[in-house]
Amino acid sequence: MRSRAAIVVKLGGSQAGGLHVGRWLDVLASCAGQVVLVAGGGPFADAVRTAQSKMGFDDVTAHHMALLAMEQFGRALASLRPGFALADSTAAVAGALQAGRVPVWAPLFMVSRAPDIPASWDVTSDSLAAWLAGQLGAKRLLLIKHDVMVGPADAGDLAARGVVDAAFPDFLHASGAEAAIVAGHDHAAARAIIQGGGLPGYRILVREAEARGLVSAP
């Protein structure tokens, strides 16, 4: 499957409407056939959080709505470049890569059928991007974040600081992928690094002691 050689790129919702989102979309478009794009929830997920606090619906409902939020942001991003295509299964992702396109993952179909993904705010698009990398057998995962990093980062520390969600160290460990984090403004060198099979930004390290074994390898 060609998706095994791909890089899963999670574009954080904090980039929605930001100064650099267009530049990143250009970078990803130039890497068509190599990149799988996972959209964060962005303002759509923020709306779910606000509604839950006001209405009091449960986390299972909020989880489902947050997946739809990712699909909304993903659909918006897919509409901005002609080579982007929504994909809701591993087969659809592989087909888009084979056609030289950029699959934009629509997570609801796959995640709602996955018993190993809890319906919790501890699992957001960061963990889901790592989970998808595992499902695809992809060996590279890149998180594009608002935060500025200055060196290699520990996954547990990132989770403790709220840079990634609480479940991310487990999901990254289970995925078997190498991961890196890059700031939203740091897109200039990313194209050549991705095309060359590397990871821009700073590596994310996972200590065995931090992986709690809550997630099974695919």
Give the cluster check for [X] versus [Y]: same hydrophobic cluster or not, with ILVMFWY residues linked at side-chain heavy-atom distances below 4.5 Å.
| X | Y | result |
| --- | --- | --- |
| V38 | F109 | yes |
| V123 | L67 | yes |
| V35 | L80 | yes |
| M70 | V48 | no |
| L25 | I193 | no |

About how many Å separate [atom2] of [Y] and [atom1] of [X], when rounded to the nearest 0.5 Å?
| X | Y | atom1 | atom2 | result |
| --- | --- | --- | --- | --- |
| M55 | T50 | CE | OG1 | 12.5 Å |
| L172 | L143 | CG | CG | 8.0 Å |
| T90 | W105 | OG1 | CH2 | 11.0 Å |
| R75 | L86 | CZ | CG | 5.0 Å |
| L136 | W131 | CG | CH2 | 9.0 Å |
| I7 | L142 | CD1 | CG | 5.0 Å |

Would you name the heavy atoms of [X] and [Y] that are closest together and state the gap between them?
| X | Y | result |
| --- | --- | --- |
| H64 | L108 | CE1-CD1, 3.6 Å |
| A29 | V102 | CA-CG2, 4.3 Å |
| K139 | G176 | CD-O, 4.1 Å |
| L37 | L11 | CD1-CB, 3.8 Å |
| L199 | L141 | CD2-O, 3.6 Å |
| D122 | D165 | O-OD1, 2.9 Å |

Practice task
Mind running side-chain contact (heavy atoms from CB on, under 4.5 Å) on V9 and V27 for me, showing each step along the way?
Solution key: CA-CA 11 Å; V9 177; V27 168; over 6 Å; no
Do any N or O atoms from the side chain of [X] and from the backbone of [Y] form a donor-acceptor pair under 3.5 angstrom?
| X | Y | answer |
| --- | --- | --- |
| R23 | D186 | no |
| Q52 | F57 | yes |
| Q195 | S30 | yes |
| R49 | W121 | no |
| R81 | G22 | yes |
| S79 | A76 | yes |

Any side-chain heavy atom of [X] sitting closer than 4.5 Å to one from [Y]?
| X | Y | value |
| --- | --- | --- |
| I181 | V163 | yes |
| L132 | K10 | no |
| V93 | Q135 | no |
| P107 | E71 | yes |

Exercise for the section: Take I144 and H20 through the test side-chain contact (heavy atoms from CB on, under 4.5 Å) and record every step on the way to the result. Expected result: CA-CA 11 Å; I144 303 171; H20 306 291; over 6 Å; no
Handout entry: Aromatic plane relationship, H187 with W24 - under 30° parallel, 30 to 60° tilted, over 60° perpendicular
Key = perpendicular
Handout entry: Salt bridge K145-D126, side-chain N to carboxylate O under 4.0 Å
Key = yes
